[in-house]
K.L.:
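Please see the structure below; I have some questions.
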Protein chains: 2
Amino acid sequence: MTVEAPATYTLTVGEVAAASGVATSAVRFYERHGVVHAERTSGDQRRFDDSAACRIRVAKVAQRVGLTVREIADIFDELPRDPQPQDWGRVAETLIREAEERTAALRAHLDAMRSGSRLCEL
Amino acid sequence: MTVEAPATYTLTVGEVAAASGVATSAVRFYERHGVVHAERTSGDQRRFDDSAACRIRVAKVAQRVGLTVREIADIFDELPRDPQPQDWGRVAETLIREAEERTAALRAHLDAMRSGSRLCEL
DNA sequence: CTCGGCGTTCAACATATGTTGAAGTCAAGC
DNA sequence: GCTTGACTTCAACATATGTTGAACGCCGAG
């Protein structure tokens, strides 16, 4: 049977911030919006698992192609607990597909414009 | 010699809004940020040329791939007065290149992640 | 067990991208 | 030349994406 790889929530907000290259305020922002998840210590401090910094780095790159934090969180939400490589593969495909669809829409619009022989009513 | 095709500023803000599918407030916003340009009547009303609605439609699609209004205005600023088809062609290429570079960055990041065999520290 | 470095929340500020409403002005058709 | 619908500006509001600072709490090393 498959071995369990339970997520262990050990990283502080500062550690995740350092590992992902954003401010601690941004890490808290991403958690509030569901890009990363955390447990709390008995003293109410956040503890993140090892995927947090990676998720944030992916989110930053995805934001550059026009995805909102909400959209990125929704895509990450498709991940099961203890995601396997193929789960991340699906997320990666979804992100790329979104980016390519938007680029294709831009290209289609610009192509239509050019072939219209009335480029921006020149 | 080449025939002049002087831009004629005749369209009101409402006409541009209707033609581009955005609110008049958005048309004014885009003008303030240099996406479109207008002259003023003696009574201080805006008059846009025929390219305004097209520029705004292009801007909306470009925003979807992560370009800011500022970046879009900067790209449009490369257009000469009375732009020719090849001028719009260069703008189109610049927009597409930006979108593709960002998508490539996303893909590269995700590929690096997958090949790292430590996908988001799974 | 204490202390200093992190952590917490919350409110305010900041920038980008707009919308809405008030108060007043313009211009086009009758 | 009047009227009225569309225009003007400006301030306030709204959402997304954060940052900063104050006031206070937690926790691990000594």
Side-chain angles (χ1 to χ4, degrees), chain A residues 8-49 52-53 55-77 98 102 106, chain B residues 8-49 52-53 55-77 98 102 106:
Chain A
T8 111
Y9 291 82
T10 59
L11 300 174
T12 66
V13 70
E15 286 164 346
V16 171
S20 58
V22 305
T24 58
S25 58
V27 174
R28 293 192 189 96
F29 178 85
Y30 287 127
E31 192 220 342
R32 282 196 298 112
H33 290 81
V35 170
V36 293
H37 303 296
E39 294 185 338
R40 295 298 181 119
T41 66
S42 58
D44 211 32
Q45 294 196 355
R46 290 170 184 83
R47 289 297 181 266
F48 299 88
D49 69 82
R55 281 168 173 248
I56 289 174
R57 282 192 304 263
V58 170
K60 293 307 286 181
V61 183
Q63 281 181 276
R64 285 280 290 175
V65 300
L67 297 189
T68 65
V69 166
R70 173 64 173 278
E71 288 167 337
I72 294 162
D74 285 350
I75 290 170
F76 283 171
D77 275 352
E98 253 317 300
R102 293 177 186 206
L106 175 62
Chain B
T8 110
Y9 291 84
T10 59
L11 301 173
T12 68
V13 71
E15 287 164 345
V16 171
S20 57
V22 304
T24 59
S25 58
V27 174
R28 295 191 187 96
F29 177 85
Y30 287 127
E31 192 221 340
R32 283 196 297 113
H33 289 82
V35 170
V36 294
H37 304 294
E39 294 185 337
R40 296 297 183 121
T41 65
S42 57
D44 212 32
Q45 294 195 355
R46 291 171 184 81
R47 289 299 181 263
F48 298 88
D49 68 83
R55 282 167 171 250
I56 288 172
R57 282 191 305 263
V58 170
K60 293 307 286 182
V61 184
Q63 281 181 276
R64 285 279 291 173
V65 300
L67 297 189
T68 66
V69 166
R70 173 64 173 279
E71 288 167 337
I72 294 162
D74 284 350
I75 290 170
F76 283 172
D77 275 353
E98 250 321 296
R102 292 176 187 206
L106 175 63

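Every chain is numbered from 1 and lettered A, B, ... according to where its sequence line falls, protein lines coming before strand lines.
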K.L.:
Taking side chain to side chain contact (heavy atoms under 4.5 Å, CB included) as the definition, give me every residue that meets it alongside B:Thr41, ordered by chain and number, with sequence neighbours left out.
P.N.:
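Only B:Gln45, B:Arg47 meet the side chain to side chain contact (heavy atoms under 4.5 Å, CB included) criterion with B:Thr41.
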K.L.:
Taking only side-chain N and O atoms of B:Thr41, does any of them lie within less than 4.0 angstrom of OP1 or OP2 on C:dA27?
P.N.:
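For C:dA27, OP1/OP2 do have a side-chain N/O of B:Thr41 under 4.0 Å.
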K.L.:
For A:Tyr9, give me all partners under ring-ring contact (aromatic ring centres under 6.0 Å, His included), at least two apart in sequence or on another chain.
P.N.:
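Not a single residue meets the ring-ring contact (aromatic ring centres under 6.0 Å, His included) criterion with A:Tyr9.
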K.L.:
List the residues meeting ring-ring contact (aromatic ring centres under 6.0 Å, His included) with B:Tyr30, not counting sequence neighbours, and say none if there are none.
P.N.:
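B:Tyr30 satisfies ring-ring contact (aromatic ring centres under 6.0 Å, His included) with no other residue.
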K.L.:
Could you work out, with side chain to side chain contact (heavy atoms under 4.5 Å, CB included) as the rule, every residue matching A:Ala19, not counting sequence neighbours?
P.N.:
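Side chain to side chain contact (heavy atoms under 4.5 Å, CB included) check on A:Ala19 returns A:Ala53.
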K.L.:
Return whichever of B:Gly14 or A:Val22 has its heavy-atom-nearest nucleotide of DNA chain D closer to the 5' end.
P.N.:
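By nearest-heavy-atom nucleotide position, the 5'-most residue is B:Gly14.
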K.L.:
D:dC7, OP1 or OP2 - any side-chain N/O from B:Thr12 closer than 4.0 Å?
P.N.:
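For D:dC7, OP1/OP2 do have a side-chain N/O of B:Thr12 under 4.0 Å.
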K.L.:
Just by protein heavy atoms under 4.0 Å, how would nucleotides 8-18 of chain C read 5' to 3' in B, S and -?
P.N.:
BS-------BS
K.L.:
Applying ring-ring contact (aromatic ring centres under 6.0 Å, His included), can you list everything that pairs with B:Phe48, at least two apart in sequence or on another chain?
P.N.:
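If we apply the ring-ring contact (aromatic ring centres under 6.0 Å, His included) test to B:Phe48, skipping adjacent residues, there are no hits.
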